[in-house]
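For the numbers below, each heavy atom of this structure counts, side chains included, while hydrogens, waters and symmetry mates do not. Because the structure is a prediction, the values reported are computed rather than measured.
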Amino acid sequence: MLNVAKFGGTSVANFAAMQNCANIVKDNANTKVVVVSASAGVTNLLVDIAHTAMTTEQTSAKIAQISDIQFAILHALKDPQEVSDKLTELLDSLKELALHEELLHRPDLKDALLSHGERLSSLLFSAVLKQNGLSASNFDVRKILRTDSEYGQAAPQLSEIKQAAQCLMLPELAKSVLVTQGFIGSDEHGNTTTLGRGGSDFTAALLAEALDAATCEIWTDVIGVYTTDPRITSAAKPLPELSFEEAAEMATFGAKVLHPATMEPALRQNIKVFVGSSKEPEKGGTWIVRDCKSEPAYRAITRRKDQVMVTVKTPKMMFAQGFLQKVFTIIAQHKLSVDLVTTSEISVSFTLDNPPNSVLQRLNRETIEELSQFCDVLMEDNYDLVTVVGNNMHSAAGVSSKIFTAISDYNLRMICYGANPHNMSFLVGNGDSTDVVKVLHKALFE
Ligand code: ASP
Ligand code: MG
């Protein structure tokens, strides 16, 4: 009945927050693996260092901010001696990478730098657990989390991970709780890689899969998954349960509580996933399971900001074969993932996710140049994607009319409906998206 517990950045932001997490670990004897994110703010600071040209003073100021966060936790420990050398060692290696002159041009160095956030927080959290009377040790996830070498967005190698986890991690679980890092891994050459922003949830699910865990808990700063982002409307309600498919759709289309890839391992191994708040564990949370008690037509509304719409157009498309294939081959070669697609006789439009703080530049100049060689390319931004998530939406009567009636006052730039039973998506101007979500929430849930 193994449980893997993951604590997000705000849950390990400082000593008091870590103490709440320690109580949660103590309360469940099945929790033998703990995955942590970097302390809140640390990865953002590391991304700044890795991606912006800065003077030595500016870089040092950022490093000082990180040191302050981590030393404040260290000094709150009863026995800081135990980890202080290791902490200093990690901060020294962080400094060295931060000031490396090739940092801005070397994705491998960027990932090595980014990995320090999770390495620091996991070291400190293992000390907090020990102080709470648990036998705990800090485990370097890079020993088992094998990935490809796509720095910034590395893909896990499942069979290698499983084998290594069974060999190197499982036997240790009888002795102590292992506190390990989310978000990071290593490639076949032993170079450090990262899984993409927010990747710690994904790590937790991958480890749960590799270790045949029964459950995976994601502890964050909200009491579960809501019908929509409570910051958009206070009428949003927490959901007691969700199916794997619904949760995957919600995460893909912008629900911030879970990394989009998290549900894949859970689905493959039928691992129950829990989402709750480490500050208020008594309030319960959302259980994500294979078979839900109910399958409502509407479960939730999500929003994803900063979408780019690309339209490629060629007069040759009429009666021409292979145009779409050519376009999508280029897109795939540049590792872009397309969300909405519409086609007409001579053009195709698609949307791409283009988050401003992603480690990888998603849509780059080369992609556009390559497409421009055989068609006209038009790019439009300032769009948000609003998605209604539910069940049997493609076949239930009245679903689309209810949705369209609610938002008839807004201009929908693109609509995606019918291909997937679990969602209906619209591209709307970013100035409208808050209102669209509010109006839809009212019509569907209030
Ligand atoms: N620390 C990483 C990030 O901020 C991974 C995570 O928090 O899940 O993106
Ligand atoms: Mg996080």
Side-chain angles (χ1 to χ4, degrees), residues 227-229 232 242-256 260-261 263 295-313 317 323-325 327-328 331-332 336-355 362-363 371 377-441 443-445:
T227 46
T228 196
D229 186 340
I232 299 180
L242 273 177
S243 69
F244 290 142
E245 288 83 7
E246 290 168 328
E249 291 297 320
M250 288 181 69
T252 305
F253 289 107
K256 296 269 162 43
M263 298 321 298
E295 283 196 344
Y298 314 108
R299 182 76 88 179
I301 305 164
T302 59
R303 171 174 68 177
R304 209 168 64 187
K305 297 177 79 76
D306 303 302
Q307 306 302 291
V308 176
M309 177 169 161
V310 182
T311 302
V312 292
K313 193 171 168 185
M317 189 178 174
F323 173 71
L324 286 180
Q325 191 193 1
V327 170
F328 287 113
I331 297 291
L336 293 172
S337 114
V338 166
D339 289 315
L340 271 50
V341 183
T342 56
T343 57
S344 78
E345 245 182 326
I346 57 157
S347 60
V348 45
S349 296
F350 50 84
T351 67
L352 299 166
D353 193 21
N354 216 32
R362 280 336 216 150
L363 184 65
L371 287 169
V377 183
L378 175 72
M379 276 200 6
E380 295 169 68
D381 48 18
N382 300 327
Y383 286 117
D384 292 349
L385 190 63
V386 173
T387 302
V388 180
V389 175
N391 296 280
N392 303 316
M393 298 181 72
H394 61 329
S395 57
V399 165
S400 56
S401 76
K402 187 158 182 182
I403 291 173
F404 287 126
T405 308
I407 53 175
S408 59
D409 289 345
Y410 299 92
N411 178 29
L412 309 179
R413 184 66 183 83
M414 211 160 142
I415 299 165
C416 193
Y417 176 57
N420 182 325
H422 296 292
N423 77 46
M424 180 165 182
S425 292
F426 329 96
L427 196 65
V428 300
N430 56 9
D432 284 341
S433 69
T434 299
D435 290 339
V436 168
V437 173
K438 278 186 181 159
V439 163
L440 273 173
H441 194 272
L444 306 180
F445 299 109

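At a threshold of 4.5 Å between non-hydrogen side-chain atoms, the residues Leu385 and Tyr383 do not count as touching. The side-chain heavy atoms of Thr302 and Val386, taken from C-beta on, include no pair separated by under 4.5 Å. Between Phe350 and Ile331 there is a side-chain heavy-atom pair separated by less than 4.5 Å.
By the side-chain contact (heavy atoms from CB on, under 4.5 Å) test, Thr434 is found to be paired with Ile232, Arg303, Lys438, residues two or more places apart in sequence or in another chain being considered. For Ala406, the side-chain contact (heavy atoms from CB on, under 4.5 Å) partners at least two apart in sequence or on another chain are Val439, Leu440, Ala443. Under the ring-ring contact (aromatic ring centres under 6.0 Å, His included) criterion, Phe445 pairs with His441, sequence neighbours left out. Every residue two or more places apart in sequence or in another chain was checked for a side-chain hydrogen bond (donor to acceptor under 3.5 Å, both in side chains) with Asp432, and none qualifies.
Sorted pairs that involve residues 395-409 and meet side chain to side chain donor-acceptor pair (under 3.5 Å), not counting sequence neighbours, are lacking altogether. Note on residues 411-423: pairs passing salt bridge (Lys or Arg N to Asp or Glu O under 4.0 Å), not counting sequence neighbours, are Glu380-Arg413. Residue pairs meeting the salt bridge (Lys or Arg N to Asp or Glu O under 4.0 Å) criterion with at least one member in residues 382-398, sequence neighbours excluded, are Lys305-Asp384. For residues 417-429, no residue pair satisfies the salt bridge (Lys or Arg N to Asp or Glu O under 4.0 Å) rule, not counting sequence neighbours.
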Name every donor-acceptor pair, under 3.5 Å, that has one atom in a side chain of residues 421-429 and the other anywhere in the protein, sequence neighbours excluded.
residue: His422; atom: ND1; partner: Gly390; partner atom: O; Å: 3.0
residue: His422; atom: ND1; partner: Asn391; partner atom: OD1; Å: 3.4
residue: Asn423; atom: ND2; partner: Glu249; partner atom: OE1; Å: 2.6
residue: Ser425; atom: OG; partner: Thr387; partner atom: OG1; Å: 2.9

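Here the closest heavy-atom approach between residue Ser349 and residue Met414 is recorded as O-CE, 3.5 Å. In this structure, Asn392 and Glu295 approach most closely via the heavy-atom pair ND2-OE1, 4.0 Å. Counting all heavy atoms, side chain and backbone alike, Leu340 lies closest to Val338 at O-CG1, 3.9 Å. Scanning both residues, Ala297 and Met393, for their nearest heavy atoms gives O-CG, 3.6 Å.
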Requested in this report: With side chain to side chain contact (heavy atoms under 4.5 Å, CB included) as the test, would you mind laying out the steps for Leu242 and Arg299 before giving the verdict?
Outcome: CA-CA 8 Å; Leu242 273 177; Arg299 182 76 88 179; 3.5 Å; yes
Query raised in the report: Can you check side chain to side chain contact (heavy atoms under 4.5 Å, CB included) on Val341 and Phe328, steps first, answer last?
Result: CA-CA 11 Å; Val341 183; Phe328 287 113; 4.0 Å; yes
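Rounded to the nearest 0.5 Å, atoms CZ (Phe404) and OH (Tyr410) are 15.5 Å apart. Going from atom CD of Glu245 over to atom CE of Met250 covers 13.5 Å, rounded to the nearest 0.5 Å. If you take OH on Tyr298 and CD on Glu246, they are separated by 14.0 Å, rounding to the nearest 0.5 Å. To the nearest 0.5 Å, atoms CG (Asp306) and CG (Asp381) are separated by 8.5 Å.
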